[in-house]
Amino acid sequence: MKRTRWIGWWAACVMLWGADLRAEVFIVRQGQPQAEIITAAEPARMTRLAADELQTYVEKISGARLPIVTEPSANATRIYVGVSHFTEELGLAVSDLQHGAFRMDSGSNWLALLGPDGDYQPIEPWGKSRSGGAIAKLNQEFDAVSGDVFYNPFDTHYRHYYPEQDVWSFDEAGTLNAVHEFLRGLGVRWYAPGEMGEVVPHTASIELPQVNRVVRPDFPVRNFRYGYMQHGVGNIGIWNLRLGFNPGNEILGHIMPCHGMKWVLMRPEMREAHPEFYALYNGERHDLHPCLSSEGLFEKHVAYVRLLFDHYDEPMVNIDLADGAGITCQCESCQAQLTSGRERIGRMSDLTFDYLNRVAQEVYKSHPDRMVGALAYSSYRLPPEKIDQLSPNLAITFSRRRSEIYADAETLEEYRDIRRGWLEKLPSGQLFIWSNYRDAVPANRGVPVVYPRIIAEDLRDLKGDSLGDMLEVYQHQEFSNQRPNDHGHDYDAFAINHLNLYVTSRLWWDADLDLEALLDEYYDLYYGPASAAMQEFFEYSEVNWRGMGRNVETISGALERIEAAVAVVDTDSIYGERVARVAQYLETLYPLRDQLSRDQRDDIPSVRVLPDNRLAGKELDGRLDDPDYWRPVRTIFFGDAEGNRVPKELNTYAYVRKAKNALYFGVYCRDPDMQNRSPGPGDNGEADLLKGDYIEILFETTTHSYYRLRLSPSGILEDADMGDGVEQLDWVSGAEHAVHIGEDYWSVELRVPIAGNDVRDEEPLY
C-alpha cells in the first residue's frame with residue numbers, strides 16, 4: 001500500500017511558511033509582486049547568485065518577477081538577501097555560522113535570508129588551463145616561488161570556477177543555502193541536474209512567512225567529486241549548489257585532498273636529481289611511488305608542505321602516498337617495516353604512517369596552527385600498530401565504499417572497528433570519509449544501483465565521528481563536453497544515481513531526517529501518476545541490485561517493474577520523460593538477460609581458477625616443471641585465431657592459480673625457432689614487442705573493460721589500461737614476472753596482484 005507519511009511532513013512545511021493571515025502581508029499576491037529583494041550595494045558573488053535564484057524561482061512559481069534593489073521602496077515587503085547594513089541594524093549576526101550554515105528571520109513586513117558569504121581569491125601562480133604549454137609555464141612560475149622542482153598542485157584550479165554563475169566553488173555560500181531552503185519551503189525540489197530534475201509548484205500568491213531559524217549542517221564537508229571534472233560545470237555545478245554542497249576548503253584547503261605526495265615526485269627533474277626518492281621495484285626505481293626510508297624525500301616533503309602553508313596560506317595539506325601505492329619499495333629498510341598478518345588492508349600501515357606521522361610532527365614544529373591530512377586507504381587502511389597516538393596536526397580520511405560495507409553484518413562491524421581504531425589514535429579528532437558512488441558506470445550495464453537506506457544508516461552512524469564526505473561520482477564523457485560518447489548509446493549516469501546523491505545531500509544537513517517521508521515525497525512529486533509503480537521499482541532495485549548483472553531472475557524483476565511504470569504514464573508529460581529516462585538507462589539489461597539465458601559457447605577455453613597458496617612463497621624463475629608448485633591439472637590449451645587446435649610442435653598452454661591476493665599465470669610457449677624470438681631492448685632502451693614473440697593477457701572486470709599485459713621472451717613487460725578503448729601506458733599493474741628460455745620453448749611465471757570487491761573501483765580521483 002502506498003505510504004502517506006509525506007503528507008504530514010508537507011503540512012508541517014505549510015505551517016512553517018504560513019503567514020499571519022490577519023496581517024495579509026504578501027511576497028506575491030494574485031500574480032503581482034509585492035516585495036523587493038534587497039542586497040548590499042556591493043554584494044559578494046554568492047549573494048548576487050542567491051538574489052538571482054530567488055528572483056528566478058519566485059517568478060517560476062507565481063509569474064511575478066521581484067525587483068533586486070539596494071535601497072527599499074516605502075511600501076514594498078522587504079526580502080533582505082545577504083548581509084547588509086539593513087540586517088546589521090536588525091541585529092542579525094552571522095559571525096557564529098560556519099560551513100554554509102545560515103539564518104532565516106522575519107518581521108511584520110520583512111524576511112531576511114543570510115549567512116556568511118565570502119569571495120574566494122586564488123593566489124598566484126595557479127592553473128588557468130591545461131592547453132599548450134600552460135602546465136610547463138605554471139611549474140616554472142612555481143619554481144621561482146619554491147626554489148625547487150615541485151609540481152604545482154593548483155594545476156587544474158580553473159575547474160573550480162563556474163563561468164555560468166560567475167562564482168567559485170570555494171566561495172562561501174551561506175546566503176545561497178538560506179535562499180534554497182526558503183524555496184524548498186515553497187515546494188521547489190532539485191532532484192536531478194537540469195530542468196527535468198526540478199519540481200516547481202505553481203501558485204498565484206506567496207505569503208510572507210513568520211520564521212526564526214538558524215540552520216547548521218551535521219557534516220561540514222559535503223563534496224561530490226565527479227569523474228572528468230573536479231566538481232562539475234553547467235547544470236551539474238548549479239545542482240551542487242542547490243543541494244547545499246561544500247567542498248570544505250575552509251578545513252581541507254583548496255587542492256586535491258588525497259595523494260598529496262605525488263606533487264613532490266611528479267616532475268622528471270626531481271626524478272633525475274633524486275632517483276633514491278623512488279620505490280625500488282624489481283631492481284628499478286618506480287615513478288610516483290616513494291621509498292619511505294629515504295631521508296632526503298622526507299626533507300623535501302616537509303619543505304613542500306611548509307611552502308604551501310606559507311605561500312598559499314592553506315589550512316591543510318594532504319601528504320599521503322600517490323594512488324596505487326600498494327606497490328611497496330623493495331629496499332631492505334622498507335621491507336623490514338611491513339606488517340605480517342595484515343595482508344589485505346594493513347600490510348603497509350606501519351611503514352606508511354611511521355613516515356607520514358614523522359612529516360606531521362616536523363611540520364607541527366613550525367606551523368602548529370595548520371593541519372596535514374592522509375588517507376587510510378588500500379594496503380594502509382588499518383591504523384598502525386606501532387603508533388599509540390598520532391601527531392596532533394594529522395587528519396585522517398577513511399576510504400571505504402559506502403554501499404559495500406553494508407553487504408553483511410560482519411563487514412559492517414569490521415569497518416566500524418577500523419573507524420573506532422583510527423579515532424582512538426587521532427588526537428585531532430578530524431576524521432573524514434572518502435566513499436565511492438561510481439556505480440552508474442557503463443561496465444555495470446544498466447544495473448539500477450540505488451541504496452538510500454544504506455546512505456541514511458551510514459550517515460546516522462557517522463554523525464559525531466566524521467566531519468564529512470568526499471564522494472566520487474561517475475560522470476560520463478558525453479556529459480563533460482570533453483570527449484564524445486564512446487559506448488554507442490546515450491548513457492545517462494544520473495538516471496538512477498541522482499536519487500543516491502539527493503538523499504545524501506539532504507542527510508548531510510540533517511542525518512535524522514525522516515527518510516521514508518523524503519522518499520514518499522520524491523515518488524509523488526517526481527513521477528506523478530507513475531508514483532506507486534516507480535516506488536515499487538526503486539524498492540525492488542534497492543534490495544536486488546547486488547548480483548543483478550549476473551542473474552536473469554532479478555534482471556527480469558527490474559525490467560517488469562519499469563515496464564509497468566511506463567504503461568501508466570503519459571509519455572509526452574514531464575512524468576513520462578522522467579520514467580523514460582530510467583527506462584533508457586535499463587535498456588542494456590535486455591541483451592544482458594538474453595546473453596545470460598543462452599547456453600555458453602563451448603569453443604572458448606574455460607577453467608575454474610584453483611586456490612594454491614603455496615605459490616605465494618615461490619621465487620619466480622619462469623620454470624613450470626616443479627610439481628610442488630605447478631601440477632598439470634586444469635590446463636588451458638590454446639588454439640589459433642580460428643579456434644583450431646595448434647599443431648603439437650607449436651603447442652601452447654597455460655595454468656592459472658590464485659594465491660592470497662594475487663593471480664599466478666604459468667604460460668608455456670613451444671617454439672622450435674628460438675633463435676628468431678622477440679628482439680631484446682632497442683636503442684631507446686625499450687622492447688619492440690610487436691615485431692617478435694610475446695604473450696598477451698587481457699583482464700576484464702565487472703566494472704572495467706579492460707586491462708592488458710604483454711610480456712616478451714626477453715622479459716620486457718608492458719602494462720596498459722585499455723578502458724573505453726584508449727591505450728593508457730602509464731597504468732601500472734604491479735605485476736611481477738620471470739621468463740625461462742629453453743632449447744625449443746620459453747615459459748613464463750607472472751604474478752598479478754588483485755583486490756576483492758571491497759576495493760573495486762575505489763581509487764580516489766587524481
Side-chain angles (χ1 to χ4, degrees), residues 159 162 190-198 223-243 245 401-404 434-452 454-455 469-505 522 526 534 537-538 541-542 545-546 548-549 558 562 577-592 701-705 723-726 760-766:
R159 294 178 179 174
Y162 298 170
W190 297 280
Y191 289 121
E195 288 191 12
M196 184 191 293
E198 71 179 30
N223 192 359
F224 296 136
R225 298 181 63 85
Y226 297 97
Y228 302 104
M229 54 191 67
Q230 295 296 326
H231 294 294
V233 295
N235 287 335
I236 307 300
I238 190 62
W239 188 53
N240 290 338
L241 296 174
R242 289 165 179 164
L243 295 182
F245 100 132
R401 194 181 184 93
R402 176 158 286 150
S403 60
E404 294 295 342
W434 192 296
S435 196
N436 189 320
Y437 282 25
R438 289 193 291 151
D439 300 295
V441 295
N444 271 358
R445 294 176 287 190
V447 173
V449 182
V450 60
Y451 42 90
I454 284 177
I455 292 168
D469 283 357
M470 288 160 273
L471 303 180
E472 286 189 61
V473 180
Y474 178 81
Q475 182 178 1
H476 188 57
Q477 296 101 309
E478 180 183 14
F479 295 92
S480 73
N481 297 319
Q482 291 188 23
R483 289 196 292 175
N485 185 337
D486 296 326
H487 296 279
H489 61 278
D490 295 329
Y491 193 89
D492 186 346
F494 295 100
I496 299 287
N497 208 26
H498 73 265
L499 181 56
N500 293 326
L501 302 181
Y502 178 77
V503 167
T504 301
S505 72
Y522 164 74
Y526 202 58
M534 290 302 290
F537 163 77
F538 274 105
S541 299
E542 185 174 9
W545 64 265
R546 284 192 175 90
M548 185 181 291
I562 197 64
E577 291 181 27
R578 291 166 180 159
V579 173
R581 184 182 193 186
V582 177
Q584 183 180 13
Y585 175 84
L586 300 175
E587 283 183 353
T588 52
L589 289 183
Y590 287 98
L592 176 61
T701 73
T702 56
T703 61
H704 191 87
S705 178
D724 298 333
V726 179
R760 184 191 65 189
D761 261 359
E762 195 178 4
E763 299 129 348
L765 294 177
Y766 269 103

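Here the structure is a predicted model, which means the values were calculated and not measured.
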Return the CE to OG distance between M548 and S541, rounded to the nearest 0.5 Å. 5.0 Å
Within-4.5 Å side-chain heavy-atom neighbours: L241 and Y162: yes
Ring pair (Phe, Tyr, Trp, His ring centres under 6.0 Å) with Y191: which residues, sequence neighbours excluded? Y502, Y522, Y526
Side chains of P448 and L589: closer than 4.5 Å at any heavy-atom pair? yes
Least distance between heavy atoms, N500 atom then P452 atom: OD1-N, 4.1 Å
Tell me the closest heavy-atom pair linking I454 and E542, and the distance in Å. N-OE2, 4.5 Å
side-chain hydrogen bond (donor to acceptor under 3.5 Å, both in side chains) partners of D469, counting only residues at least two apart: R402, W508
With sequence neighbours excluded, what pairs up with E198 under the side-chain contact (heavy atoms from CB on, under 4.5 Å) test? Y57, K60, W190, V200, R242
At their closest point, which heavy atom of M534 faces which heavy atom of V582, and how far apart are they? CE-CG2, 4.0 Å
Distance, nearest 0.5 Å, that separates CD1 of I455 from OG of S403: 9.0 Å
Would you call W239 and L501 a side-chain contact if the rule is heavy atoms closer than 4.5 Å? yes
Side chain to side chain contact (heavy atoms under 4.5 Å, CB included) between N240 and Y226, worked out: CA-CA 11 Å; N240 290 338; Y226 297 97; 2.9 Å; yes
Under the side-chain hydrogen bond (donor to acceptor under 3.5 Å, both in side chains) test, residues paired with R581 that sit two or more places apart: D492
Apply side-chain contact (heavy atoms from CB on, under 4.5 Å) to E587 and list each qualifying residue two or more places apart in sequence or on a separate chain. Q584
Flag, side chain of Y585 to backbone of V447, donor-acceptor distance under 3.5 Å: yes
Value for OG (S435) from CD (E404), rounded to nearest 0.5 Å, stands at 10.0 Å
Which residues share a side-chain hydrogen bond (donor to acceptor under 3.5 Å, both in side chains) with T504, sequence neighbours left out: Y437
So that I can tick it off, tell me whether R225 and E472 are bridged by a salt bridge, with the cut-off set at under 4.0 angstrom between side-chain N and carboxylate O. no
Pairwise side-chain contact, L471 with W434, heavy-atom cut-off 4.5 Å (strictly under): no
How close do V450 and I496 get, counting heavy atoms only, and between which atoms? CB-CG2, 4.1 Å
